[in-house]
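Remember, it's 1-based here, ligands and their atoms both numbered in the order they're listed.
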Amino acid sequence: MTSPAAPKVVHARAPGKINVFLKVGSLLDDGYHDLATAFQAVSLCEDVRASAAGDFSVGFSGGTIDASGLPTDGSNLAIRAARLLARVTGYRRGVHLEIEKNVPIAGGMGGGSADAAATLLACDALWGTDLAREELIDLAGQLGSDVPFAFTGGTAIGTGRGDQLSPALAKGQFQWVLALADFGMSTPEVYAELDQHRLRHSQDIFPAEPQPQVDAGVLQALRAGDPHMLAEVMHNDLQAPALHLEPELASVIELGEENGALAGLISGSGPTVAFLAPDLDGALELQIALSAARLTVVRATGPVHGARIVND
Ligand code: C5P
């Protein structure tokens, strides 16, 4: 007697990211900014399990992050990713997505982007649509500026909107300690705050570079795998506007730096603060110190892989 085959489930995983360096150019006519960033994918990952369905739906279960506030309708980026893939390939049915969230929501670490990248990969395998990697990365770019990097992972330089990627050489593993906030921040609001700040102070500050670049020292530090060197050159143009909107984050950065972090930086548009530790022992000590101050803290290492299929 043959038992009925279990319904097919494809499991894909994609990482969150830290922008170890981010320079923002001037505001363009399309509402975006040219930027230059160094991304590092870190070991906080989103797990997406895709199973065949007639329609498109998403649920959240497991994971370390409470996802109860997230939309499950067509505005969810994972659903948009699945629908986009179905549209371009002519696939006529749908998918149910079950997502385990471990990357903070609206935290500046690209959690939604990781969901979208893992969804593209999982649906492509589930549906047998078999697009080339370059085609999937192109679709990723249509979904959001950070989605291509969640797809490729590792350590990379992003230009344009952050979606034009070139791999960066990185040696060894960096130890990160992340202080999570109990609130989210809106990326467009943080960019708008930066634009307003630049307008208000146009007399006193240099105008934004039209084509920003990643400092050579950042590439050198990544290549050397040297956290001390990297700490010296970490930078984020979105940090000042994020701190202007949420001033209490400044004391989080200070606390980490007083407790052994080589440097603390707002990740992306915030509010997560990423601390670079000298080594694993330093990261563990920092985690204990920040937890004792009642902050929500997780450790992560980087770089890690981009989106991939997991064989359960
Ligand atoms: O591409 P994504 O949907 O992630 O971008 C969210 C928002 O972040 C944009 O609507 C824009 O306000 C801002 N953004 C920007 N310049 C970039 C990337 C994002 O102004 N290069």
Protein residue, atom and distance nearest to atom 11 (C) of ligand 1, heavy-atom basis: Gly31 O, 4.0 Å
Salt bridge between Asp47 and Arg13, side-chain N to carboxylate O under 4.0 Å? yes
Taking Ile266 as the starting point, is it possible to reach Leu230 by hopping between hydrophobic residues whose side chains are less than 4.5 Å apart? no
Kindly say whether Phe21 contributes a backbone atom to a donor-acceptor pair with the side chain of Thr37 at under 3.5 angstrom? yes
Which of the ligand 1 atoms, numbered from 1, are nearer than 4.0 Å to a heavy atom of Ser145: 1 (O), 2 (P), 4 (O), 18 (C)
Please report the closest heavy-atom contact between Ala181 and Pro271, naming both atoms and the distance. CB-CG, 3.5 Å
Ion pair Glu193/Arg198, N-O distance below 4.0 Å: no
In ligand 1, which numbered atoms sit nearer than 4.0 Å to a non-hydrogen atom of Pro188? 7 (C), 12 (O)
If the cut-off is 4.0 Å to any non-hydrogen atom of Gly144, which atoms of ligand 1 fall inside it? 1 (O)
Within less than 4.0 angstrom of ligand 1, does Asp146 place any heavy atom? no
For atom 13 (C) of ligand 1, which protein heavy atom lies nearest, and how many Å away is it? Tyr191 CD1, 3.4 Å
Please work out which of Glu189, Arg161, His33 has its closest non-hydrogen atom nearest to atom 20 (O) of ligand 1. His33
Do Asp115 and Arg80 meet the salt-bridge criterion of a basic N to acidic O distance under 4.0 Å? no
Among all protein heavy atoms, pick the one closest to atom 3 (O) of ligand 1 and tell me residue, atom and distance. Tyr32 OH, 3.8 Å
Does ligand 1 have any atom that is closer than 4.0 Å to a heavy atom of Gly162? no
Leu35: numbered ligand 1 atoms lying under 4.0 Å from its heavy atoms: 17 (C), 21 (N)
Taking atom 6 (C) of ligand 1 as the point of reference, which of Asp195, Thr187, Leu194 owns the nearest heavy atom? Thr187
Any donor-acceptor pair under 3.5 Å linking the side chain of Glu135 with the backbone of Ala132? yes
So does Ile309 have more than 12 non-hydrogen atoms from other groups sitting under 6.0 Å from CD1? yes
